[in-house]
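Notes for the one structure printed next.
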Amino acid sequence: MIFIKVTILGTGAYGIALALMFNKNVENIVMWTKYEEEKERIERDRENKFVLSGIKLPKNIKFTNDINFAIKEADLIVIAVPAGYVNDISILLKDYIKENQHILIASKGIERNTCSFVHDILLRHVKTNNLGVISGPSFAIDVSNNEPVGLSLGTKNKETEKLVKSTLQNDTLKLRTTDDIIGIEICGSIKNVIAIASGMISGMGYSDSTKAMFITEALHDIKSLIKAFGGNEKTILSYAGVGDLILTTTSIKSRNYK
């Protein structure tokens, strides 16, 4: 076990899945939610029945509504809330974050009114170089059930990379690293739009061959977007790229495809 503190902001399905992965390496894990009722319910049941029914959380994982307690002395802070709430979380963080703390973003998406990516939203309020993002083909239920999965870790900071790999990577979760944060975020955001269109193609009765053609064309489009935003075109070949695109555009577990 690694004797550090990992704080996860968000008690939704993916936050819980990540907590279970961190728990393989880290003893001190705190999960934060702004809702007192949710905190009390999960503490009592040791599960979030609304999003991951049947997935039990170990007793060593603590829950809190106190952002100061959550952030204080945390070595790694994981943002695992829906993208629409990242701005609010970032405003909260700016009053508590310390220079030596590291932040890992697990949220995916683009801010509706500004078209900002999630790491841009965070940096609007929190000035840090200790930043990473993760993305890849990993339904929360599969991660929680210890199915082998792979994630892309995007960071320009070697200390952040070392910390995340030592705490999150384990016998069932593999990380591949890159310094292309923007490429990872583009892949994690755009694939959801492609998944909706892929579901429409299936719903209209077209063949898997047609769907495969569409997904391949989408790969080229995402690759062009990555290049246009100054990212690395090779990121399309990562877990966050082709891996997540295949999963999200073909699986019935995918909400956007379904």
Side-chain angles (χ1 to χ4, degrees), residues 1-82 85-86 89 92-93 95-98 100-107 128 130-136 138-151 153 155 159-175:
M1 283 289 179
I2 302 171
F3 297 101
I4 66 169
K5 177 180 176 181
V6 173
T7 290
I8 300 173
L9 304 179
T11 52
Y14 207 66
I16 288 171
L18 288 175
L20 292 170
M21 293 298 99
F22 280 113
N23 193 60
K24 292 185 178 185
N25 299 317
V26 178
E27 180 71 23
N28 188 6
I29 298 171
V30 175
M31 299 191 73
W32 175 88
T33 171
K34 68 181 290 187
Y35 303 108
E36 177 67 27
E37 182 183 345
E38 183 174 62
K39 176 230 176 195
E40 291 178 354
R41 186 180 70 248
I42 299 175
E43 274 187 325
R44 181 187 68 240
D45 300 333
R46 303 309 300 179
E47 67 177 297
N48 189 333
K49 294 180 179 180
F50 292 102
V51 295
L52 277 181
S53 181
I55 300 297
K56 293 294 184 179
L57 289 155
K59 292 188 181 297
N60 63 287
I61 298 177
K62 303 185 234 4
F63 297 90
T64 185
N65 295 117
D66 184 343
I67 191 69
N68 182 46
F69 172 77
I71 301 303
K72 188 176 182 180
E73 297 179 349
D75 299 273
L76 180 62
I77 299 159
V78 183
I79 298 177
V81 298
Y85 296 97
V86 170
I89 290 291
L92 272 179
L93 273 179
D95 293 327
Y96 298 99
I97 195 79
K98 304 298 183 185
N100 65 332
Q101 293 178 302
H102 296 257
I103 300 175
L104 180 65
I105 297 172
S107 307
T128 181
N130 304 331
L131 176 65
V133 299
I134 51 170
S135 187
S138 52
F139 291 136
I141 187 62
D142 296 339
V143 176
S144 301
N145 284 329
N146 287 306
E147 298 286 349
V149 298
L151 295 175
L153 166 62
T155 180
E159 288 302 313
T160 301
E161 177 184 334
K162 181 180 177 181
L163 179 61
V164 174
K165 290 187 78 171
S166 65
T167 54
L168 183 56
Q169 187 164 254
N170 56 55
D171 59 330
T172 59
L173 194 154
K174 179 180 177 64
L175 292 173

Got [X] and [Y] here, is their nearest side-chain heavy-atom distance under 4.5 Å?
{"X": "Val149", "Y": "Phe139", "result": "no"}
{"X": "Leu131", "Y": "Leu104", "result": "no"}
{"X": "Leu76", "Y": "Thr167", "result": "yes"}
{"X": "Met21", "Y": "Asn170", "result": "yes"}
{"X": "Ile134", "Y": "Leu168", "result": "yes"}
{"X": "Met31", "Y": "Lys62", "result": "no"}
{"X": "Leu18", "Y": "Val78", "result": "yes"}
{"X": "Ile67", "Y": "Leu9", "result": "yes"}

Test your reading of the model: is there a side-chain donor-acceptor pair from [X] to the backbone of [Y], 3.5 Å cut-off?
{"X": "Gln101", "Y": "Ala74", "result": "yes"}
{"X": "Glu47", "Y": "Ser53", "result": "no"}
{"X": "Asn65", "Y": "Tyr35", "result": "yes"}
{"X": "Asp66", "Y": "Asn68", "result": "yes"}
{"X": "Thr160", "Y": "Gly132", "result": "no"}
{"X": "Arg41", "Y": "Asn48", "result": "no"}

To the nearest 0.5 Å, how far apart are [atom1] in [X] and [atom2] in [Y]?
{"X": "Lys165", "Y": "Leu153", "atom1": "NZ", "atom2": "CG", "answer": "8.0 Å"}
{"X": "Ile77", "Y": "Tyr96", "atom1": "CD1", "atom2": "OH", "answer": "12.5 Å"}
{"X": "Ile71", "Y": "Asp95", "atom1": "CD1", "atom2": "CG", "answer": "11.0 Å"}
{"X": "Ser166", "Y": "Asn25", "atom1": "OG", "atom2": "CG", "answer": "7.5 Å"}
{"X": "Trp32", "Y": "Thr64", "atom1": "CH2", "atom2": "OG1", "answer": "9.5 Å"}
{"X": "Ser135", "Y": "Leu151", "atom1": "OG", "atom2": "CG", "answer": "7.5 Å"}

Donor-acceptor side-chain pairing of [X] and [Y] below 3.5 angstrom:
{"X": "Ser107", "Y": "Tyr14", "answer": "no"}
{"X": "Glu38", "Y": "Thr11", "answer": "yes"}
{"X": "Asn23", "Y": "Asn60", "answer": "yes"}
{"X": "Ser144", "Y": "Asp142", "answer": "no"}
{"X": "Thr155", "Y": "Glu161", "answer": "no"}

Practice item. Start with the C-alpha gap between Ile42 and Lys49, add the side-chain angles, then the distance that decides, and say whether side-chain contact (heavy atoms from CB on, under 4.5 Å) holds. Key: CA-CA 8 Å; Ile42 299 175; Lys49 294 180 179 180; over 6 Å; no
Exercise for review: Write out all pairs satisfying salt bridge (Lys or Arg N to Asp or Glu O under 4.0 Å) with one or both partners inside residues 16-28, taking only residues at least two apart or from two chains.
Suggested key: Lys24-Asp171
Review point. With sequence neighbours left out, which residue pairs that include part of residues 12-21 fulfil the salt bridge (Lys or Arg N to Asp or Glu O under 4.0 Å) condition?
Key: none
Using a 6.0 Å cut-off, check whether atom [atom1] of [X] has over 12 heavy atoms from anything other than its own residue.
{"X": "Lys98", "atom1": "NZ", "value": "no"}
{"X": "Glu73", "atom1": "CD", "value": "no"}
{"X": "Glu37", "atom1": "CD", "value": "no"}

Point to revise | Salt-bridge contact Glu40-Arg44 (side-chain N to carboxylate O under 4.0 Å) | key: no
Point to revise | Nearest heavy-atom neighbours spanning Ala80 and Gly15 | key: CB-CA, 3.9 Å
Revision key, fill the gap. In terms of heavy-atom contacts, Phe63 and Lys39 come closest through O-CE, 3.5 Å
Exercise for review: Run the numbers on Val30 and Ile8 for side-chain contact (heavy atoms from CB on, under 4.5 Å), then give the verdict.
Suggested key: CA-CA 6 Å; Val30 175; Ile8 300 173; over 6 Å; no
Review point. Checking Lys5 against Phe69: charged group under 6.0 Å from the ring centre and within 45 degrees of the axis?
Key: yes
Point to revise | Of Val143, Ile55, Leu52, Asn146, the residue whose pairing with Leu20 passes side chain to side chain contact (heavy atoms under 4.5 Å, CB included) | key: Ile55
